[in-house]
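What follows is a single structure, written as structure tokens, with notes after it.
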Amino acid sequence: MSEPLPYRAIVTAHAGELHERFAELAAGDGSGVTVTVAGRVMLRREMGKLTFMTMSEWTGQLQLFAGSQWTERFDELNRLSLGDWVSATGEVVRTRTGELSVRVGSWALLAEARRSFGDKWRGISDVDTRYRQRYADLWANPRSRQVLMARSRVVSALRRGLESGGFVEVETPVFHPVPGGATARPFVTHHNALDMDLYLRIALELHLKRLVVGGIERVFEIGRVFRNEGLSPRHNPEFTMLELYQAYADYHDMMDLTENLVAGVAREVTGGTRTEYAGRELDLAPPWRRATMLDLIAEHSGHEVGLDMPVEELTALASRLGVHVEPGWGPGKVVLEIYEKTTEPNLWGPVFVMDYPKEVSPLARDHRSSPGMVERFEVVVAGRELCNAFSELTDPDTQLANFEAQARARAAGDEEAMPVDTDYVRALEYGLPPTGGMGMGVDRLVMLLTGSEAIRDVIAFPTLRPEVGED
RNA sequence: GCGCCUCUAGCUCAAUGGCAGAGCAACGGACUCUUAAUCCGCAGGUUCUGGGUUCGAAUCCCAGGGGGCGCACCA
């Protein structure tokens, strides 16, 4: 390195805008416009006294056209490595063969690529390398960049959609003294000064409802939650949830809101509501089908079930259907298990699966007409849960009783059952108005809209085992 | 955590018990309109690691490590 690398580059144009602006420029013509562009050298084609390089930057690709007659330090330019960052100044021209180019006069090396980005045609396909070295994957594989951009647009569209509906965005604690708001095993950490264990949040729910008690009538958070569970193509230990709560609303209102929100995001991100996922057509246009869990079980398993059936009969049916049940489960848990094994994977959707057993829904409000049920729905798309929503439980006595039942299950060995959150009960004692709440897996929404079948494809840096013995 | 599959040059892949190879990248050279440029030349290896079987192991066996998929768990 004979000269120090520059501290900045004055970039006056980008590939995307140049392709648009000079779309009409004829082959062999110059534009008379001089620009400075910057990016990475992706390909180089040397022709003796002419060199063509494909430069890539955030908005697209652009050809650099260099020649010994007009390009400074031409020999040095030819020694650039693929992957090096450069800036180049020159006239925008279209070559005789029709490629829009910058005819390089002066140029500068901005950064060296000491490592190569893999096969120039096939990129990097080793999934381990792609996830571990996302910085290389993003350059080598255009699809990775498209997914990352789509994710940004999804989150942005969600935020704008909610803000235009009068929702206020908040941030609530990630450290929880008591994990709650969902049934899942938490991560534990320790605060030294307070000398106490803290849990990384598994849901946003309880703090957001506290804020509704405090008078924020429409509130939402888009935030990371953490669940101490196995990894899979559809599960990452940290993932992003959207949760929203709306005072004076019930779960019917949440259904209207959810289908409109998701369809709106789909239109903004993909240009429409029709998309393809796992080789199948998917249409997110409202209205979505609304059906009760019991009706869907009957439809898919061929068996009518109900919470009024004796638990022995339900257990026997589950066994006949090949659904494993644990002793001690109540009818609600058995019914949910039958639903999850026989019905949910076969729902293509989108469909609102309505009315869940109270037994498995400690934060939802009793159904106004179906005994033993709560007003809750999940949205299922492509056989997987996308959203979970309730008419929120507002009564502090019932909430306390539900927490205590959970605590007993926890004491009996169910590590996912919730402990009692006495402060949350105290908040309810100040009065929570009728409230509808909804939670959505943002990663899964991005997966649907980008056709990604692995959650790791939509998370820039997914959780992996640390490397050993690598440089 | 369990089961199955997988790991070879920087990248993508061959070689299935008998001399570890190709394309791209790198390196040297030719070429004034290329588009994965082309052509000539040259170099590149702890075949994931350790042990074993064998005259001989990338290949078969055992153990360990990384990854993928499935199961379990969950969203």
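Residue numbering restarts at 1 for every chain, and letters A, B, ... go by the order of the sequence lines. No hydrogens, no waters, no symmetry mates; every other heavy atom, side chains included, goes into these values. Here the structure is a predicted model, which means the values were calculated and not measured.
In this structure, B/C4 and B/G68 make a Watson-Crick or G-U wobble pair, each of the two defining distances being under 3.5 angstrom. The partner of B/C24 is B/G10, judged by Watson-Crick or G-U wobble contacts that both fall below 3.5 Å. Pair assignment for B/C42 gives none, since no Watson-Crick or G-U wobble pairing has each distance under 3.5 Å.
Candidate nucleotides B/A26, B/C69, B/U12 were compared by shortest atom distance to the side chain of A/Arg122, and B/U12 ranks first. Among the nucleotides B/A75, B/C24, B/U34, the one closest to the side chain of A/Glu99 is B/U34. The side chain of A/Lys120 has B/A25 as its nearest neighbour among B/A75, B/A25, B/C31. Here the nucleotide nearest the side chain of A/Phe52, chosen from B/A75, B/A37, B/C33, is B/C33. Closest to the A/Ser125 side chain, of the nucleotides B/A37, B/U12, B/C73, is B/U12. Ranking B/G70, B/U34, B/A75 by closeness to the A/Arg234 side chain, first place goes to B/G70.
Within the structure, a side-chain polar atom (N or O) of A/Arg44 is placed less than 4.0 Å from OP1 or OP2 of B/A26. The shortest distance between the side-chain N/O atoms of A/Arg227 and the OP1/OP2 oxygens of B/A75 is below 4.0 Å. Phosphate contact (OP1/OP2 of B/G67, side-chain N/O of A/Arg132, threshold under 4.0 Å): present.
Using a 4.0 Å heavy-atom cutoff across all strands shown, A/Gly118 reaches sugar-phosphate atoms only and no base atom. Among the heavy atoms of the strands, none lies under 4.0 Å from A/Asn228. Residue contacts shown for A/Phe65 include a base, since a base heavy atom lies under 4.0 Å away. Within 4.0 Å of A/Gly28, counting heavy atoms only, lies no atom of the nucleic acid at all. No engagement by A/Glu378 is indicated, since no non-hydrogen atom pair under 4.0 Å with the nucleic acid exists.
Under the 6.0 Å cut-off for aromatic ring centres, A/Trp70 and A/Phe65 qualify, their centroids lying closer than that.
Side chain A/Thr97 to base B/U35: a donor-acceptor pair is found below 3.5 Å. The base of B/U34 sits within donor-acceptor range of the side chain of A/Thr95, with an N or O pair under 3.5 Å.
Straight-line distance from the CZ atom of A/Arg45 to the P atom of B/U32: 17 Å, rounded to whole Å.
Classification of A/Arg224 and A/Glu238 as a salt-bridged pair holds, one side-chain N sitting under 4.0 Å from a carboxylate O.
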